[in-house]
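By convention in this document, chain letters (A, B, ...) are assigned in the order of the sequence lines, proteins followed by strands, and residues within each chain are numbered from 1. Values below: all heavy atoms of this structure, side chains included; hydrogens, waters and symmetry mates excluded.
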Amino acid sequence: MYRTHTCGDLRISHAGQEVTLSGWVQRKRELGAMTFVDLRDRYGITQLVVDDQSSDDLKEAVHQLGREYVVQAKGIVRERSSKNDKIETGEVELAVTELNILNPAELPPFTIEDETDGGDDLRMKYRYLDLRRNPVRENLVLRSQMGHYTRAYLNEQNFIETETPVLIKSTPEGARDFIVPSRMNEGQFYALPQSPQVFKQLLMISGFDRYFQIVKCFRDEDLRADRQPEFTQIDCEMSFVDQEDILNTFEGLTRHLFKKVKDVEVTDFPRMPYSEAIANYGCDKPDIRFEMLIKDITALAQAKDFKVFNEAEFVGAICAKGAGSYTRKQLDELTNFVKRPQVGAKGLVYVKCNEDGTFKSSVDKFYDAEDLKAWAEATGAEAGDLILVLSGDKNPMLSALCDLRLEMGDRLGLRDKNVFKPLWVVDFPLLEWDEEAKRFHAMHHPFTSPKKEDYHLLESDPGAVRANAYDLVINGVEIGGGSVRIFDSELQAKMFDLLGFTPEEAKAQFGFLMNAFKYGAPPHAGIAFGFDRLVSLFAGLDTIRDVIAFPKNNSGRDVMIDSPSTVAEAQLDELNLALNMKEEK
RNA sequence: GGUGGCGUAGUUCAGUUGGUUAGAAUGCCGGCCUGUCACGCCGGAGGUCGCGAGUUCGAGUCUCGUCGUCACCGCCA
């Protein structure tokens, strides 16, 4: 038996017992005649003591110990003469009688501590060591718990957990597929699923009624802090439901998780139409922990002789509460922020609302106090506030104002990681115009149903048709999304037509689904939560990397196992593949 | 595909206007120390300044390229 207890178990009540512990050496403190060793496992740290009374062999053995050695220690639990109230086991120590070095360890490239001294590079290369650190392990424990509570909740709601295939078929819509060559079918390829979308719809047709799966999805697109090429979804689908049923069910799941995992009561799940989100927040995933709404002041701003505004399609403003005392330097920082190519504004106009009721702006030459007062009224600015104004083409400026708003939210401390504000964004457009391909593509996916009241626009103005689609946004993070599906093969055919598929192409790609619809498809709808994002939100992290045991870096590489990698010529041969690398310039 | 940040000891970082032998902390190694728990004290080792070219009498420092990494834009039904 390697151990009778873990390193987090022992308490004063164990005093006098003979126990055996196994773990890693966290740290050693040699005080001449006596030596203390902190022994660590995932449950905690227990102090081992070897003192003057011990045998020479034992003294020599403990002297040999280095960081991260794996050891087994047998001994008697005793009360400490000087206690440590910082750790759970701090009242006791193990007076070692027998010490086995189970495995020595080379010195790790970074020390295993909560506040690591290793950079991201090293941590990723030695991820198995990084995972020994408490903060990273705790993230994965959190993830495990959230998976557990998700399953428990959905089981309780009669959902059936069903696995769907990972080797499937490439489809033209959506993200790039990862493809996998088939040895037995020369020249043909599987694709890894971007999501189990069509399978879960087929399960509805099979009468499964309520399906869920915590499942890997794969998208071959560029990475971000919150995007990995393989990621995990809580994927669900329900039959005989409308949008309202889905929203209620998954509000329930979200509440359940917050309550069970964080002991936080989340009550409000407001609904906001997509159009309102864009107008007020400049994006489709507003952070509603704070107001600072975008106001259209185009008409007010164009009342005078300021060329920049007069030539702009749109002039928009936000009011930063209490920022009226911003210095020249701070305003310059904001100006540089909005002028970054990623934000894309040409410049920034500010209006300081002074405590004495006067205004100081960067456009005082063009606007008098009356004008600026009108701006203040429009933005809700009062004495002590700062109005920030951007102008230009409407859509880019809304997007820039969104960035600026979040920046100001950060600067003013309005984005508390311990406050959680969910929001349903609803009534998304059905279609999006793709300027490059000169055609529409589905904003959500091609199986999303249009709103009934917009059916009449399908022919005349497809871009204006709204969909029965919804996103769950929490604190400005898109946590999940879904839609009410089309369950009528004729409407589905119409949809493919709008997306520019010929009937033949549609049949080749999705014929199986349209066929299935002919055999009694129930009305159904679904949703998928980004599990990694949800966990990182709960963990208070900005990146999903640290809630994934073995993540990939910015360029989609696993630097630990060094993948992707080339394969042997023989493997390519077997698959009838030949490389066609582009010549280096 | 693009924009920007970073790259100096095992690690985290500092390094002045381009100027002598590149520093600190921590870690590591050795010694001393009987109640430490970020132990303490003394001593020691440890550097391809990512790589390559260029400018210069002289480059960690400036320029160009390249590689790695991070953040973002495009992209992500």
Side-chain angles (χ1 to χ4, degrees), chain A residues 26-39 45-54 63 66-67 78-87 89-90 93 95 106-126 129 171-177 193-195 197-198 217-229 231 336-337 339-344 396 399-400 403 428-432 434-436 440-448 467 469 478 481-483 495 499 509-510 528 530 542-543 545 552-555 557 559 584:
Chain A
Q26 174 71 33
R27 183 177 276 115
K28 189 173 66 171
R29 292 178 293 279
E30 288 183 300
L31 277 71
M34 65 194 316
T35 299
F36 300 100
V37 177
D38 289 341
L39 193 68
I45 283 186
T46 301
Q47 176 167 286
L48 312 181
V49 196
V50 169
D51 61 22
D52 220 10
Q53 320 296 311
S54 309
H63 182 67
R67 272 179 200 276
R78 74 180 180 205
E79 186 174 359
R80 291 198 196 187
S81 60
S82 56
K83 297 182 175 164
N84 181 348
D85 58 7
K86 288 182 199 147
I87 59 173
T89 63
E93 63 195 359
E106 279 187 25
L107 200 66
F110 52 90
T111 43
I112 312 301
E113 288 169 334
D114 291 3
E115 300 293 326
T116 182
D117 60 356
D120 281 356
D121 281 27
L122 267 183
R123 291 178 50 208
M124 286 307 159
K125 185 164 180 194
Y126 298 95
L129 297 181
T171 55
E173 283 283 310
R176 287 186 197 89
D177 288 315
Q194 297 172 28
S195 85
Q197 183 59 39
V198 290
C217 303
F218 305 87
R219 292 175 194 177
D220 186 8
E221 296 293 346
D222 286 8
L223 278 59
R224 291 286 189 280
D226 63 349
R227 273 167 30 191
Q228 287 268 306
F231 61 99
N336 288 333
F337 174 83
K339 284 167 87 171
R340 289 164 51 208
Q342 283 88 340
V343 178
S399 164
D403 292 339
F428 277 82
L430 182 69
L431 303 165
E432 224 173 3
D434 183 336
E435 195 51 49
E436 256 175 57
F440 283 107
H441 67 78
M443 188 151 181
H444 185 56
H445 60 51
F447 318 109
T448 299
E478 186 192 329
S483 63
M495 186 70 182
L499 295 174
Q509 288 297 333
F510 299 108
D542 295 320
T543 163
R545 226 166 274 162
K552 303 207 175 8
N553 75 7
N554 243 14
S555 359
R557 297 200 68 85
V559 295
E584 292 286 329

Work out how far the [atom1] atom of [N] is from that of [M], and round it to whole angstrom.
N	M	atom1	value
B:G10	B:G47	P	7 Å
B:C28	B:U66	P	41 Å
B:C13	B:G50	P	14 Å
B:C41	B:A22	C1'	28 Å

- Base-pairing assignment for B:U16 (Watson-Crick or G-U wobble, both under 3.5 Å):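 Paired with B:U16, as far as the under-3.5 Å criterion goes, is no nucleotide at all.
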- Item | Other residues, nucleotides, ligands: >12 heavy atoms within 6.0 Å of A:K339 NZ |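 Result for NZ/A:K339: open.
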- Atom NZ of A:K125: over 12 foreign heavy atoms under 6.0 Å: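 Incorrect, the count does not exceed 12.
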Look at the side chain of [X] against the base of [N] and say whether a donor-acceptor pair falls under 3.5 Å; ignore hydrogens and angles.
X	N	value
A:R227	B:C76	yes
A:R78	B:G35	yes
A:D51	B:G35	no
A:Q342	B:G4	no
A:R80	B:C37	yes

Tell me the interatomic distance from [X], atom [atom1], to [N], atom [atom2], rounded to whole angstroms.
X	N	atom1	atom2	result
A:K83	B:C39	NZ	C1'	20 Å
A:D121	B:G10	CG	C1'	15 Å
A:M443	B:C76	CE	P	11 Å
A:E30	B:A38	CD	C1'	17 Å
A:I112	B:A38	CD1	C1'	16 Å
A:Q47	B:C39	CD	P	11 Å
A:Q194	B:C75	CD	C1'	13 Å
A:L223	B:U69	CG	C1'	13 Å

N/O (side chain, [X]) to phosphate O (OP1/OP2, [N]) under 4.0 Å:
X	N	value
A:R29	B:U36	no
A:R27	B:C39	yes
A:K125	B:G68	no

Using a heavy-atom cut-off of 4.0 Å across all strands, would you classify [X] as base, sugar-phosphate, or nothing?
X	result
A:E432	nothing
A:V559	sugar-phosphate
A:L31	base
A:N553	sugar-phosphate

- If you measure from the Lys or Arg side-chain nitrogens to the Asp or Glu carboxylate oxygens, is any gap between A:R227 and A:E221 under 4.0 Å?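 No, A:R227 and A:E221 are not salt-bridged.
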- Item | Carboxylate-amine/guanidinium proximity below 4.0 Å for A:E106 and A:R67 |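 Result for this pair is no, no salt bridge flagged.
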Nearest to the side chain of [X] - [options]?
X	options	answer
A:H63	B:G31, B:G27, B:U34	B:G31
A:N554	B:C28, B:C72, B:C70	B:C70
A:S555	B:C28, B:U69, B:G31	B:U69
A:R224	B:U36, B:G31, B:C72	B:C72
A:P341	B:U36, B:C37, B:U3	B:U3
A:R545	B:C76, B:C28, B:C70	B:C70

- Query: Can you find a side-chain donor-acceptor pair between A:R29 and A:Q47 that sits under 3.5 Å?
  - Reply: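 Indeed, the side chains of A:R29 and A:Q47 share at least one donor-acceptor pair under 3.5 Å.
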- Would you say the ring centroid of A:F218 lies under 6.0 angstrom from that of A:F231?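 No: the rings miss the under 6.0 Å criterion.
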- Query: How far apart are the closest heavy atoms of A:E173 and A:H441, and which atoms are they?
  - Reply: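 Where A:E173 meets A:H441 most closely, the heavy atoms are OE1-CB, 4.3 Å.
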